[in-house]
Amino acid sequence: MAELLFYVLAAGTVAAGVGVIACRNPLFSVLSLLGAFFCLATIYLLAGFPFLAATQLLVYAGAIMVLFLFVIMLLNLGDEEQYAERPPFGKRGLAIAGASAGVLLLIAVFSVGFGSVSASDGDSPAVTSFPDESIDDVQSIAELLFSRYMLPFEASSLLLLATMIAVILLAKRQRGSGAEGAGWPWKKGVEQ
Amino acid sequence: MPELPEVLAWLLKAALIYGGLLGTAAGMTLAERKVSAWIQWRIGPNRVGPWGLLQPIADGIKFIFKEEVVPQGANPVLFRLAPMFSAVPAMLAVAVIPFAGDLSFFGHSTTLAIADIEISALYVVAIGGLGVYGVILGGWSSNSKYSLLGGLRASAQMVSYELSLILCILAVVVMAGSLNLSTIVADQAGHVFRWNLWSQPLAFVLFVIATFAETNRHPFDFAECEPELVGGFHTEYSSMKFALFFLGEYCAMVVMACLTTTFFLGGFEVPSWPEAPWWIQLPAFLAKAGIFLFLFLWVRWTLPRFRFDQLMSIGWKVMLPLALANLFATGAVISFF
């Protein structure tokens with residue numbers, strides 16, 4: 001029964017994933033992604049990780065997808081043609097974005113390496129092995145998160161912080177007076 | 001396979017709780033009009049049945065016989081899906097709320113909650129957060145500017161206030177040391193001053209304010225906002241689809257009232273009587289939840305509506321920092337004393 005359910009859900013996840021890139025209307029892409037998240041959450045539940053399932057729904061379905069919908073509706077993206085437009089970033093902006101992403105990636109790689117060094121008792125912490133079955137106990141997840149996986153945890157929070165700052169910067173740009181790009185801090189007084 | 005008494009107990013509990021939820025939601029539509037009439041010195045509905053008590057049934061029959069209109073240019077699939085997206089999450093969330101302690105039928109002992117899962121507080125938040133899809137999709141798929149504005153406002157509002165709501169719940173979870181609603185209730189057992197209302201007054205006030213925003217109720221009902229947006233996200237809806245939106249809103253109110261009771265008013269605990277039988281605990285729970293249901297109505301007919309930018313600035317600049325500070329202080333007090 002559980003096995004059958006797993007195959008149904010796995011097929012559903014794949015189908016929804018295909019739907020994300022196949023749908024012409026971006027709104028349906030978002031809804032497909034939502035369906036994929038639901039199937040994944042149910043698979044977590046089947047595997048005996050209700051905490052993970054609830055977190056998946058809470059974070060992805062409850063918050064992130066809502067913001068996706070929000071943006072798509074605000075921009076009123078009707079069809080794919082709109083994607084042909086490139087965002088008006090210069091090469092400089094791309095370079096800055098690439099550099100900061102690279103730095104963050106390095107931090108992430110280093111911290112995962114750090115974690116595997118500190119876990120010197122043999123098992124690799126990164127992918128496969130959970131210490132024991134009681135992992136889903138919220139308390140044990142919290143303990144692991146704040147001891148063994150402290151560095152990856154902090155690195156990902158740093159990534160989120162960087163994203164927040166970037167978003168604030170983008171939003172501030174609209175307040176700039178006059179010509180295009182006047183609000184960019186590093187362009188102040190350069191062009192015009 | 002579970003034993004027969006267990007299955008029977010599940011079915012009975014589900015029937016009782018869902019019957020109660022839908023009945024209360026229907027009753028709330030009548031109560032809304034009765035209370036508004038009372039507050040505004042009017043009579044209110046009094047024609048159908050004694051004191052107008054059968055009015056919700058008459059309304060339901062009327063909704064069924066109304067013509068269904070799907071506006072031209074509306075997205076036909078999403079337009080039909082949206083009301084379901086709105087009504088289902090609120091009904092799902094009620095499944096984990098414990099309405100009474102131990103009760104036994106057919107020799108099977110159980111708590112009066114459909115599913116008493118370990119992470120029920122998280123489940124409630126996760127499922128409750130999905131209610132926003134109905135509003136957004138309904139607003140977008142109607143192909144109407146008023147609906148779209150209502151949907152956009154609602155999504156911004158619900159996502160913003162969800163944060164404060166979750167942080168307030170987390171403060172309570174830290175107090176009880178568990179995500180299980182039954183444990184949170186048991187943690188408040190005994191004296192009336194053990195209720196989280198007294199130890200978490202700030203979280204309580206913020207939570208109640210956030211529930212008004214989460215359910216799109218006055219003074220935060222910007223998703224509808226008649227003077228500006230005609231009817232907001234459900235402007236184009238008619239017949240049973242409109243009724244489903246209505247049902248979703250009232251079910252969400254009932255769920256929020258039950259959650260406030262569970263988190264801050266000791267749930268089904270009777271003060272100074274922890275071993276009360278379930279037929280005392282259930283009315284106690286309903287009485288406490290009824291206070292908040294009345295509060296929803298009372299506030300709607302008393303306070304004027306905010307402005308949308310005021311709502312957002314209260315949510316992000318007042319409620320969120322306060323809730324964060326409260327959670328931080330709670331954690332510090334718990335770990336150092």
Quiz item: Which bit of B:Ile136 comes within less than 4.5 Å of chain A, counting heavy atoms only: side chain, backbone, both or neither?
Solution: both
Quiz prompt | Winner by heavy-atom pair count (cut-off under 4.5 Å) against chain A, out of B:Ile127, B:Leu137, B:Ile117 | solution = B:Leu137
Quiz item: So with a 6.0 Å cut-off around OH of A:Tyr60, is the heavy-atom count from everything else above 12?
Solution: no
Quiz item: Do any N or O atoms from the side chain of B:Tyr133 and from the backbone of A:Gly62 form a donor-acceptor pair under 3.5 angstrom?
Solution: no
Self-check item: Residue part contacting chain A, namely of B:Glu118, when any heavy atom lies under 4.5 Å
Solution: neither
Quiz item: Where does B:Leu152 contact chain A at under 4.5 Å (heavy atoms): side chain, backbone, both or neither?
Solution: both
Practice problem: Taking the side chain as every heavy atom from C-beta outward, state whether A:Phe51 and B:Leu179 have any atom pair closer than 4.5 Å. | Solution: yes
Quiz prompt | Greater than 12 external heavy atoms within 6.0 Å of A:Phe68's CZ | solution = no
Quiz prompt | Greatest number of heavy atom pairs closer than 4.5 Å to chain B - which of A:Ala61, A:Ala41, A:Ala53 | solution = A:Ala61
Self-check item: Atom group of B:Val132 that falls short of 4.5 Å from chain A, counting heavy atoms
Solution: side chain
Practice problem: Please report the shortest heavy-atom distance between A:Ala54 and B:Ala126, naming the atom on each side. | Solution: O-CB, 3.5 Å
Self-check item: Contact leader toward chain B among A:Leu57, A:Val66, A:Leu67, A:Thr55, where contacts are heavy-atom pairs under 4.5 Å
Solution: A:Val66
Practice problem: Would you check if A:Leu58 and B:Ile166 make a side-chain contact, meaning some heavy-atom pair closer than 4.5 Å? | Solution: yes
Quiz item: Hey, mind stepping through A:Leu31 and B:Leu78 against side-chain contact (heavy atoms from CB on, under 4.5 Å) and telling me if it holds?
Solution: CA-CA 10 Å; A:Leu31 289 180; B:Leu78 291 182; 3.2 Å; yes
